[in-house]
Colleague: 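Okay, handing you the structure first.
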2 protein chains.
Amino acid sequence: MRLSRKSEYALLALIHLAKNFDIKLVTLKALSGQNDIPPKFLETILIFLKQAGYIRSVRGPKGGYKLAKSPDQIALAEIFRCIDGPLAPVISASLHFYEKSPIEKSKKLHTLLKEIRDYVSAILEKTTLKDLL
Amino acid sequence: MRLSRKSEYALLALIHLAKNFDIKLVTLKALSGQNDIPPKFLETILIFLKQAGYIRSVRGPKGGYKLAKSPDQIALAEIFRCIDGPLAPVISASLHFYEKSPIEKSKKLHTLLKEIRDYVSAILEKTTLKDLL
DNA sequence: AATATACCCTACAAAACACATAGGAATTAT
DNA sequence: ATAATTCCTATGTGTTTTGTAGGGTATATT
């Protein structure tokens, strides 16, 4: 797993929204300003997160974004997978994104990489946005 | 950590050399042919591994490559770091390659990512080429 | 209904990176 | 001398990352 800048920004925004869950809508401007995220880039990320079902939005004045589910219902694993793809260190060790790759020729190494995947996956499946507040 | 094709090839070649440690030299042609690695690409990788001190070479007919140290002296962590950089999921969670990154704004998430780094690092530090034979 | 505020959507662009290939130079066994 | 082999640097090409631009759409407020 390697986190892209995009998923870093996504996480920061989601955490910000989690803090305001059931309280208020947060605007793009606020999310971008308070977390030092380039606004137009964040906008594309938020649209993506919306289409993925993690957030909802309201347009017009008084509009903004909010979480679509409660923070304890959003596991980090889901978010990383949907933005950055496989959690495994190599594609052939991935359950959700498997493709053939040369490293499979070494069975022992492949097994080791799958152990790493299992650990990373387990820890990110059990950690939710709520745990980050 | 995300393994590039380059480090996959490097590992396969090193494992091949580990199998022949203290027995014989292995040519580029053999390494490339038996492991399905594009020869010219592998060549650049081998030169890199040589300059990094992991392998030695002999030129001319009967030439080839061999490991510079015994297989139990080469930890996977070193190899991955020297080819792919940080083992950590994000640069700001890396000990050897630290740079500032946005995710540090979330202390809890940052801590979690460092835990993942610690696990991955530990397992790859203790596993050597010998363990893959 | 006019206005201003805010989100929506698609396309584009520059830079970095990944994945190689090309071609010739240097070394050495026979 | 020749052939086999490694050494080195440059280049090419496609993909991914990290954004930006610009116009469209909805809605609260007046």
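Below, chain A is the first sequence line, B the second, and so on; all start at residue 1. Note: hydrogens, waters and symmetry copies are ignored here, and every other heavy atom, side chains too, is used.
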Colleague: One thing to verify: whether R81(B) and E78(B) come together as a salt bridge, which I'm taking to mean a side-chain N less than 4.0 angstrom from a carboxylate O.
Modeller: no
Colleague: To the nearest angstrom, how far is L25(B) atom CG from dT6(D) atom C1'?
Modeller: 11 Å
Colleague: For Y9(A) and dT17(D), what is the distance between atoms OH and C1' respectively, to the nearest whole Å?
Modeller: 11 Å
Colleague: Does NZ or CZ of K69(A) come closer than 6.0 Å to the centre of the six-membered ring of F21(A), within 45° of the ring's axis?
Modeller: no
Colleague: Between K29(B) and E43(B), is there a side-chain N and carboxylate O pair less than 4.0 Å apart?
Modeller: no
Colleague: Just wondering, more than 12 heavy atoms not from R117(A) lying within 6.0 Å of its CZ?
Modeller: yes
Colleague: Please say which of I47(A), V26(A), L17(A), I74(A) ends up in a side-chain contact (heavy atoms from CB on, under 4.5 Å) with I55(A).
Modeller: L17(A)
Colleague: When you measure from the side chain of D36(A) to the backbone N and O of S32(A), does any donor-acceptor pair fall under 3.5 Å?
Modeller: no
Colleague: If you measure from the Lys or Arg side-chain nitrogens to the Asp or Glu carboxylate oxygens, is any gap between D22(B) and K66(B) under 4.0 Å?
Modeller: no
Colleague: Regarding D131(A) and K126(A), does a basic nitrogen lie under 4.0 Å from an acidic carboxylate oxygen?
Modeller: no
Colleague: Can you give the first and last nucleotides of DNA chain C, 5' to 3', that have an atom under 4.0 Å from a heavy atom of chain B?
Modeller: dC19(C) to dT30(C)
Colleague: Roughly, in whole Å, what's the span from CZ in R5(B) to C1' in dT16(D)?
Modeller: 15 Å
Colleague: Specify the residues of residues 37-65 of chain A, ordered by number, for which at least one heavy atom lies under 4.0 angstrom from an atom of DNA chain D.
Modeller: P38(A), K40(A), F41(A), T44(A), R59(A), G60(A), P61(A), K62(A)
